[in-house]
Structure formats: C-alpha cells, structure tokens
Novice: 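Could you have a look at this structure, given as structure tokens, before my questions?
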Amino acid sequence: MGLTRSDLFTERQNRLAVLAKAIGHPARIAILETVLRSERCINSQLVQELGLAQATVSQHLQELKAAGLLRGTVSGPALCYCIDPEGWREAQEALAGLFGAFHPAAAPACGPDDSCC
C-alpha cells in the first residue's frame with residue numbers, strides 16, 4: 001500500500017485518521033481502559049495485566065502517546081503513563097463531530113423496495 005496523500009485532506013480529517021488508527025487496535029483499547037481505571041499506569045504493570053510482551057506494550061504506548069492520548073513521565077526506572085487531558089478532549093470533540101454529523105431522523109426512509117442505499 002502506498003503513502004497516504006495527506007495533503008489532499010483537511011487538517012481535521014488527517015487528525016481524525018491519526019486518532020482512529022491509534023484506537024484501531026484492541027491492545028490499545030485495553031491499554032486506554034487500564035490507564036483510565038487506574039488513572040496512572042507504569043509500563044511493567046501493563047505488561048502483567050495485558051499478557052503481552054514488553055516490546056509490544058511499549059510500541060502500543062508510543063502510538064497512543066504520538067496520537068496525543070497519553071503522556072508519559074519518568075518515575076524511577078520506569079515510565080509512568082496517564083491520559084493527556086488536552087489530547088483526550090480533542091479526541092472526544094473530533095469523534096463527536098464525525099459521529100454527530102449523522103442525524104437518523106433526517107435520513108431518507110429506505111424500505112425493501114427503495115434503492116436509496
């Protein structure tokens with residue numbers, strides 16, 4: 001697959017694609033849920049809880065951090081990850097904007113004989 005022509009799309013569309021990719025893996029969803037439950041999570045705790053290899057968890061954490069959903073700080077010999085409040089708010093607004101653009105009540109009524117879809 002070739003490179004995405006991001007210059008063809010708006011900044012909002014590109015940002016939404018980055019967020020969708022970041023949350024598009026079940027391990028990343030599990031990581032976010034774990035961090036949300038505990039409010040803070042050290043990398044080794046995630047490895048134990050998820051049952052994934054350290055390198056795999058680190059790779060997923062980097063993706064989430066690059067998307068702005070997590071931030072990490074050094075805590076002794078490990079990194080401590082928590083939700084990035086600004087990135088989280090931005091993601092909520094971006095996803096709400098996309099999914100909020102569809103209004104079922106305003107959609108055309110499609111029945112078994114209609115060819116609207």
Side-chain angles (χ1 to χ4, degrees):
M1 186 151 108
L3 293 174
T4 301
R5 293 280 316 269
S6 60
D7 60 311
L8 297 176
F9 307 102
T10 67
E11 184 177 332
R12 182 193 63 80
Q13 290 166 333
N14 282 302
R15 178 66 182 136
L16 192 53
V18 167
L19 290 169
K21 181 181 177 192
I23 62 173
H25 193 288
R28 294 185 196 137
I29 299 292
I31 288 169
L32 289 171
E33 289 174 341
T34 301
V35 173
L36 285 166
R37 272 194 317 271
S38 65
E39 296 181 12
R40 262 181 203 235
C41 201
I42 296 174
N43 196 351
S44 61
Q45 291 172 329
L46 285 169
V47 170
Q48 293 169 354
E49 184 158 332
L50 299 174
L52 297 172
Q54 175 70 47
T56 302
V57 171
S58 292
Q59 182 180 357
H60 288 306
L61 286 166
Q62 286 301 74
E63 288 286 332
L64 292 167
K65 191 174 175 188
L69 297 172
L70 292 180
R71 61 181 175 190
T73 57
V74 177
S75 177
L79 284 174
C80 181
Y81 288 92
C82 61
I83 297 296
D84 183 323
E86 181 61 27
W88 196 264
R89 183 195 55 73
E90 181 187 323
Q92 285 177 314
E93 290 174 3
L95 291 168
L98 175 66
F99 289 107
F102 176 70
H103 304 285
C110 292
D113 300 319
D114 294 339
S115 60
C116 64
C117 296

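In this text the structure is predicted, and so the values were computed from the model without any measurement.
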Novice: Shortest non-hydrogen contact from R28 to K21?
Specialist: NH1-O, 3.1 Å
Novice: Does the Q59 side chain pair with the main chain of T56, one donor and one acceptor, at a distance under 3.5 Å?
Specialist: no
Novice: For residues I29 and I23, report the shortest heavy-atom separation together with the two atoms involved.
Specialist: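 Shortest heavy-atom contact: CD1-O, 3.3 Å.
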Novice: Spell out, yes or no, whether V18 and L61 are grouped together once hydrophobic residues are joined by side-chain heavy atoms under 4.5 Å, including indirect joins.
Specialist: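 Result: no, two separate clusters.
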Novice: Might you point out which heavy atoms bring L70 and L32 nearest each other, and give the distance in Å?
Specialist: CD2-CD2, 4.0 Å
Novice: Compare all side-chain heavy atoms of L79 with those of T73 and state whether any distance is below 4.5 angstrom.
Specialist: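 They are not in side-chain contact.
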Novice: Are E49 and R37 close enough for a salt bridge, meaning some N to O gap below 4.0 Å?
Specialist: yes
Novice: Tell me, with the steps shown, if D84 and L69 meet side chain to side chain contact (heavy atoms under 4.5 Å, CB included).
Specialist: CA-CA 5 Å; D84 183 323; L69 297 172; over 6 Å; no
Novice: Which value, rounded to the nearest 0.5 Å, describes the distance between R71 atom CZ and E86 atom CD?
Specialist: 10.5 Å
Novice: Using a 4.5 Å cut-off on heavy atoms from C-beta on, say whether the side chain of L64 contacts that of V35.
Specialist: no
Novice: Is the closest side-chain heavy-atom distance between R15 and E90 below 4.5 Å?
Specialist: yes
Novice: Please step through side chain to side chain contact (heavy atoms under 4.5 Å, CB included) for the pair I31 and H60, ending with a clear verdict.
Specialist: CA-CA 8 Å; I31 288 169; H60 288 306; 3.6 Å; yes
Novice: Which atoms form the tightest heavy-atom contact between A67 and L19, and what is the distance?
Specialist: O-CD2, 3.8 Å
Novice: Indicate yes or no for a side-chain donor-acceptor contact from N14 to the backbone of S6 under 3.5 Å, with no hydrogens or angles considered.
Specialist: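 Looks like yes, one N/O pair under 3.5 Å.
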Novice: Run the numbers on S58 and Q54 for side chain to side chain donor-acceptor pair (under 3.5 Å), then give the verdict.
Specialist: CA-CA 6 Å; S58 292; Q54 175 70 47; 3.2 Å; yes
Novice: If you define the side chain from C-beta out and look only at heavy atoms, does anything of K65 sit under 4.5 Å from Y81?
Specialist: yes
Novice: Flag the pair S38 / Q45 as yes when at least one side-chain heavy-atom distance between them is below 4.5 Å, and no otherwise.
Specialist: no
Novice: Nearest 0.5 angstrom please: I83 CD1 to L36 CG, how far?
Specialist: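 Between I83 CD1 and L36 CG, I get 4.0 Å after rounding to 0.5 Å.
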Novice: Mind checking salt bridge (Lys or Arg N to Asp or Glu O under 4.0 Å) for E11 and listing every partner two or more places apart, or none if nothing turns up?
Specialist: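 None.
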